[in-house]
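Treat the numbers as computed from the prediction; the structure is a model and nothing was measured.
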Amino acid sequence: MGKQSEKKQVVPWKQEHEMPYQMLFEQSALGIIALSAGGRWLQTNGTFCQMLGYSRRELWQQAFPRIIYAEDRAACLDLFHRIVTGDIATASIVMRYLKRDGTPLRVKTTFSASGQRASRHYAVLGFVEAIEDSQPAEKPSTMAIYALPTPAKDEPNQEELPEQEPLLFESSSQPSQLKPTENSQQQLMEELERLELLLSTSASQSEIRTLGHELAVLTRNVLDYALAERDDALAQVTTLREARTRMEDFLSVASHELRTPLTTIKANTQLAMRRLKSVLQRPELQLEGTDSKVRASLEMLERVERQIGVLNRLVGDMLDVSRIQGNRLQVHIHQGPCDLRPIIEAAVREQHKAMPERTINIRFPGDEPILIMVDPDRLQQVLDNYLLNALKYSEAQQPVLVNVQVEQAAATGGSQVRVTVHDKGPGIAPEEQARIWECFYQSPTIKVCSGSGVGMGLGLHISQTLIERQGGQVGVVSVMNEGSAFWFTLPLAQMEVEQAATEN
């Protein structure tokens, strides 16, 4: 509540009669300032305003920290804080203020506490003496710290203050700014501020007791409101966590339940295909005119087998996402290095088997083995995802290129291999290139050009996780209407390469 109560701390400085020393205050050769415990202006004399080139109202429009030179601000505010907290009673410091034209003014300022800290008459006084500009500039330094008797009388009056900047020293226990019922909260805070103002200006003991009781009740209502909102927020978080857990459980159970019938269907399909092939190889077993029908049946079973492969891939993706979200995804990296060449060639063969009409070219840097420490099955899964997307989002007559390069890693200085899959598709907009790696994200603007359109937006998310868990990185370079290049990098097994070369 410190911020709300601080706004009205100027009341004790507004008295209905002139102080005897008002003329001395205004005509003093020293600049004199008075600040509240929160660092708000209570009063300034004309001498201090003339030092900085401000009128009094212009000066009050500036927060006190803003007129302190940036390099001296921390030391000055630290000293101010020590006086406010009662650590010291008074202290002097050599520092610089900023004039209205932006030039620094070197001064000696003596801060002193006035009045009891718990009373409404409390203020921090500052006596400012300009130092000749010819003296060398130096960092702010505390000149002296000593105890002084605090004045017993009230300080001079001041004019009506405009609304000031936030407090220098705010309480860490301010009420939470909760949004769902903002009108109710605003009414509570306005009522609380009104009672605080009445309490600070009330002279009657009975009025003080009445207002104090109302203030305590209202404060309790504000705290109850904040606690209720906190409980609602915690309940929402708990509900979201439970929903996420149920979704992960559903994905896991559904994936496992789908795997069993798919495995049975695939086995029976492959068995039927082998029998039809054996019939085609033995013409004496065929009836006249059945050859074409047998071949047509075999082609249909091959399409069924390909679609079963698509379903198996989708189920596998669902399982992997469930494992990723539950931090259960396993990557089994081989104890020894693996050659990247056969892994890429196997992935390309799989895609050729599914889409024999498509052209996929591979470009290796040479004939030497490319040794890496990876999980071959998981790496082939990444390549399958990259190739499937390249084939799906490019026209059937456009070739796909798999480019393999060995390069130096900028971060580690070691060697790494970069595998890039190029396509001639429509490209990806710059604002979508970061989102395509998100789970379940599918671009609304990119349409499937060829092949199967089945997908759930999981492949790239899974690929990113698999590559990062094997020590690599992923990325994409795409130009609209020119195509995309999806890449990943993996560190080379340098020691194993040198050993193999020595053995050869």
Heavy-atom side-chain contact between Leu387 and Val348 under 4.5 Å: yes
Specify the closest pair of heavy atoms between Leu262 and Ile308, including all atoms of both residues, with the distance to one decimal. O-CG2, 4.1 Å
Hey, does Val417 have a side-chain heavy atom less than 4.5 Å from the side chain of Pro365? no
Arg306 to Ala354 - nearest heavy-atom pair and separation: CD-O, 3.5 Å
Start with the C-alpha gap between Arg82 and Phe111, add the side-chain angles, then the distance that decides, and say whether side-chain contact (heavy atoms from CB on, under 4.5 Å) holds. CA-CA 10 Å; Arg82 293 177 63 189; Phe111 289 107; over 6 Å; no
Do Asp101 and Thr103 meet the criterion of a side-chain donor-acceptor pair at a distance under 3.5 Å? yes
Under 4.5 Å between any side-chain heavy atoms of Val476 and Leu460, yes or no? no
I want to check something: taking the side chain as every heavy atom from C-beta on, are Asp320 and Leu458 in contact at a cut-off of under 4.5 Å? no
Are more than 12 heavy atoms from other residues, nucleotides or ligands located less than 6.0 Å from atom CD of Gln473? no
Quick check against the 3.5 Å criterion: does Arg100 have a side-chain atom that pairs as donor or acceptor with the backbone of Tyr54? no
Say whether, by atom type as modelled, one donor and one acceptor occur between the side chain of Asp339 and the main chain of Leu371 under 3.5 angstrom. no
Kindly give the heavy-atom pair with the smallest separation between Ser463 and Val474, and that separation in Å. O-CG1, 4.4 Å
Answer yes or no: is there a donor N or O on one side and an acceptor on the other, between the side chain of Arg469 and the main chain of Leu329, under 3.5 Å? yes
Nearest heavy-atom approach of Met273 to Glu305 is CE-OE1, 3.5 Å
Side-chain donor or acceptor of Gln398 paired with backbone N/O of Asp423 under 3.5 Å: no
Is there a salt bridge (charged side-chain N to carboxylate O under 4.0 Å, His left out) between Arg106 and Asp72? Walk through the geometry before answering. CA-CA 10 Å; Arg106 193 164 180 266; Asp72 303 347; over 6 Å; no
Hey, does the side chain of Gln470 reach the backbone of Leu466 with a donor-acceptor pair shorter than 3.5 angstrom? yes
Do Val279 and Arg275 have side chains that approach each other closer than 4.5 Å (heavy atoms only, starting at C-beta)? no
Quick check: closest heavy atoms across Pro426 and Ile446, and the distance to 0.1 Å? CG-CG2, 3.9 Å
Closest approach of Ala493 to Met373 (non-hydrogen atoms, all atoms of both residues): CB-CG, 3.9 Å
Does any non-hydrogen side-chain atom of Leu35 lie less than 4.5 Å from one of Trp41? yes
Do you see a donor-acceptor pair shorter than 3.5 Å between the side chains of Tyr441 and Glu432? yes
Donor-acceptor under 3.5 Å (Arg358 side chain, Ala396 main chain): yes
So, Arg418 side chain and Glu407 main chain: donor-acceptor pair closer than 3.5 Å or not? no
Can you measure from CG (Asp317) to CD1 (Ile462) and round to the nearest 0.5 angstrom? 4.0 Å
Answer whether the closest heavy-atom distance between the side chains of Leu379 and Phe488 falls below 4.5 Å. yes
Is the ring pair Trp437/Phe486 parallel, tilted or perpendicular, if the boundaries are 30 and 60 degrees? perpendicular
